[in-house]
Amino acid sequence: QVQLVESGGGLVQAGGSLRLSCLASGITFRINDMAWYRQAPGKQRELVATITSGGSTNYVDSVKGRFTISRTNAKNTVYLQMNSLRPEDTAVYYCNAHRINILTRTPMEYWGKGTLVTVSS
């Protein structure tokens, strides 16, 4: 059974920092590309950051220079370090794992249940 379990969310003042973690089980973590998404109240889910199995990273423009995605394959964990937080970063943050099944060439994707980040002004 695949599980992605996020942790580290909470309430923080603007300008503060939080570190989100996502522990994966039931998948071969090292071959999956990983991502963090977020969904603010009344808005669509948004891709925040990605890290490939090889360690390449990408970010949405609004978090560049403030957020850092990283992974530790030995711990089956992906992280999102969030600095200089703003009220507009308030959202539920979701962990995502995805890869292409090389045998069937179909996408495989898994989601965590999310962790709430609230940034007060």
If Ile, Leu, Val, Met, Phe, Trp and Tyr residues are connected whenever their side-chain heavy atoms lie under 4.5 Å apart, and connections chain through other members, are [X] and [Y] in the same group?
| X | Y | value |
| --- | --- | --- |
| V78 | W111 | no |
| M82 | V63 | yes |
| L85 | V48 | yes |
| V60 | Y37 | no |

Between [atom1] of [X] and [atom2] of [Y], what distance do you get to the nearest 0.5 Å?
| X | Y | atom1 | atom2 | answer |
| --- | --- | --- | --- | --- |
| R99 | M108 | CZ | CE | 4.5 Å |
| M34 | L80 | CE | CG | 11.5 Å |
| S25 | Q1 | OG | CD | 7.5 Å |
| N96 | L4 | CG | CG | 7.5 Å |

For N83 and L18: C-alpha separation, side-chain torsions, deciding distance, then whether side-chain contact (heavy atoms from CB on, under 4.5 Å) applies.
CA-CA 7 Å; N83 299 329; L18 283 175; over 6 Å; no
Side chains of R30 and N32: is there a donor and an acceptor less than 3.5 Å apart?
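Their side chains do not contain a donor-acceptor pair, so the 3.5 Å distance test is not met.
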Judged by modelled atom types alone, do T106 and N101 share a side-chain donor-acceptor pair under 3.5 Å?
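N101 and T106 do not have a side-chain donor-acceptor pair below 3.5 Å.
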Quick one: salt bridge (charged side-chain N to carboxylate O under 4.0 Å, His left out) pairs with a partner in residues 36-47, sequence neighbours left out?
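Sorted pair list: R38-E46, R38-D89.
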Do you know which two heavy atoms are closest between [X] and [Y], and how far apart they sit?
| X | Y | result |
| --- | --- | --- |
| P87 | S121 | CG-CB, 3.8 Å |
| H98 | A35 | CE1-CB, 4.1 Å |
| S21 | W36 | O-CH2, 3.6 Å |
| S84 | S17 | N-OG, 4.3 Å |
| P107 | I100 | CA-CD1, 3.8 Å |
| L11 | S120 | CD1-CB, 4.3 Å |

Residues that S56 engages under side chain to side chain contact (heavy atoms under 4.5 Å, CB included), provided they are two or more places apart:
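Scan of S56 (side chain to side chain contact (heavy atoms under 4.5 Å, CB included), adjacent residues dropped) gives T52.
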In terms of ring plane angle, is the pair F67 and Y93 parallel, tilted or perpendicular, where the classes change at 30° and 60°?
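Tilted.
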I'd like to check [X] versus [Y] (side-chain heavy atoms, cut-off strictly below 4.5 Å). Are they in contact?
| X | Y | value |
| --- | --- | --- |
| N58 | I69 | no |
| T50 | T57 | no |
| I51 | D33 | no |

Donor-acceptor pair, distance only, cut-off 3.5 Å: does the side chain of R71 make one with the backbone of F29?
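A pair under 3.5 Å: yes.
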Main chain of Y94, side chain of E6: is a donor-acceptor contact present, judged purely on distance under 3.5 Å?
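Side chain of E6 to backbone of Y94: no pair is present.
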Pairs in or reaching into residues 10-107: which pass disulfide bond (SG atoms under 2.5 Å apart), with residues at least two apart or in two chains?
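Counting only pairs at least two positions apart or across chains, the disulfide bond (SG atoms under 2.5 Å apart) contacts touching residues 10-107 are C22-C95.
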Any cation-pi pair here, R66 with Y59, using under 6.0 Å and within 45°?
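Geometry flag: not set, cation outside 6.0 Å or 45°.
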